[in-house]
Structures are given as C-alpha cells and as structure tokens.
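Working notes, beginning with the structure itself.
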Amino acid sequence: SQKIEQNSEALNIQEGKTATLTCNYTNYSPAYLQWYRQDPGRGPVFLLLIRENEKEKRKERLKVTFDTTLKQSLFHITASQPADSATYLCALDGTGGSYIPTFGRGTSLIVHP
Amino acid sequence: NAGVTQTPKFQVLKTGQSMTLQCAQDMNHNSMYWYRQDPGMGLRLIYYSASEGTTDKGEVPNGYNVSRLNKREFSLRLESAAPSQTSVYFCASSAERSRGEKLFFGSGTQLSVL
C-alpha cells in the first residue's frame, strides 16, 4: 500500500542555517507533491507544489526538490528564522483517481535564535 | 476574507452523545473535505464532497456521516460518539477535486469524548 514517510523526530537548527526536511514515499508514483506548514492549534497552510517533471521549485527562501527515481522530496528553508518553527507536512496526490492529497505525518522544525 | 470557518473550536462529549461539526467556506470552492488528525497518525480523510450534491467516503468513515448542505457548507455528524473519536477535526476546501489542487484548511475542532 502507499506509504509516505517523514522524520518523526524534530529537527533542531540554529537561526541562519538551512533546514532540510525529507519526504519519502513507496508503492506510488505521484504526479504532484505538495508541502504545507502547520502551526500549533491551526490548520495546515499550503506552501509549494512540485510536479513530477520538475526537479526543483523555489519560492523566496523555500526550495523543494522532487526525485521520482529515489521517490523522495526534499524541502529546504534557507537563512532560517525562529518564525519558521512549525510542523511541515508533505502530501501526495491521491490514488485510485480520487486526486485528494494524502498527507505524511509531518516533521517538526525548531529554529533556535 | 474568512476562508474556511469551523465551529465549534472545542467540544467535550460523553460516550454515546451526538454532535455536528459545522464548516463553511467563502471562496466559491466546489470540493470540501473532512480530515481527522491524531498524534503519530497524521491527517486522515474521513469524507469528502467533490461537488454540491455528492459525498464519498474517505479512509476512515466509520462512525461519521456528512451533509453537503449547499456549495458553502459541509457538516460532519457523530451519531454516537466513542472515545476513539477523540481527535482534532479539520475541514478543508479546494476549487476542484483535480490533480495537484491545493487545499485550504480551517482552524480545526478539538473534540474530546469521555
């Protein structure tokens, strides 16, 4: 069955460094992959979408890569700030024609000043 | 612009009680969704409505019913609440149910069933 894996352990980094979060998937070939940010007590907020034929996508300090051979997406935040502290979720477009995003469990990012 | 609005924000129920979670969106979106989020489990789809007048089961529909009241509103009903339904519930909407469509989420309802 389709499986999406994100590191369950929190990622702690120092302000100004680049944060890199990983999303791995198995038994699936998604056409799209999305990244969302979730703050405590809030719903997820869409950040970026990358298509299977795109290797890389950028938006301001954010960069997403999508390697369909490795079945992996990397999410980078450059020059990280304490305000970037949140949980980041990856989502793959659904199977069976539903097209509804299926979410990973998310990775918590903590940026220390 | 409110986006997706959910009510209530918090609710405590006793086992066997019923309740309805309300969701409304003001973005003229066609598709709406209900997810639940549990620690260590991530977001799981309960039900969705691809368009007004249609509803379909998601990954974890047992114990729930939904109503797409109109294009704006999509409610989730627990007929007889169970402790296993203690969770945070999120409503979401998207312009269409198509590949790559991004979802807009509400702030969630934290439900505890005792």
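Every chain is numbered from 1, with letters handed out A, B, ... down the list of sequences. Only heavy atoms go into these numbers, but all of them, side chains included; no hydrogens, no water, no symmetry mates. Since we're looking at a predicted model, the values are computed, not measured.
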For [X], is it the side chain, the backbone, both, or neither that has a heavy atom closer than 4.5 Å to a heavy atom of chain A?
X	answer
B:Leu45	side chain
B:Gln37	side chain
B:Tyr35	side chain

Has [X] got more than 12 heavy atoms of other residues, nucleotides or ligands less than 6.0 Å from its [atom1]?
X	atom1	value
A:Arg37	CZ	yes
A:Arg42	CZ	no
B:Lys71	NZ	yes

Quick one: what part of A:Leu89 sits under 4.5 Å from any heavy atom of chain B, side chain, backbone, both or neither?
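Contact with chain B: side chain only.
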How about A:Phe46 and B:Phe105: are their ring centroids closer than 6.0 Å?
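For A:Phe46 and B:Phe105, the ring centres are not under 6.0 Å apart.
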hydrophobic_cluster_shared for [Y] and [X], side chain cutoff 4.5 Å:
X	Y	value
B:Tyr48	B:Val66	no
A:Leu33	A:Leu47	yes
A:Val45	A:Leu49	no
B:Val60	B:Leu43	no

Minimal heavy-atom distance between B:Phe90 and A:Gly43, with the atoms involved, is CE2-CA, 3.3 Å
So does B:Leu103 get a backbone contact from the side chain of A:Tyr36, meaning a donor-acceptor N/O pair under 3.5 Å?
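Yes.
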For A:Gln34 and B:Glu101, indicate whether the former's side chain and the latter's backbone hold a donor-acceptor pair under 3.5 Å.
yes
Distance (rounded to the nearest 0.5 Å) between B:Tyr33 OH and A:Ile100 CD1
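If I round to the nearest 0.5 Å, the distance is 5.5 Å.
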Quick check on the interface: out of B:Cys91, B:Gly106, B:Gly40, who has the most heavy-atom pairs with chain A under 4.5 Å?
B:Gly40
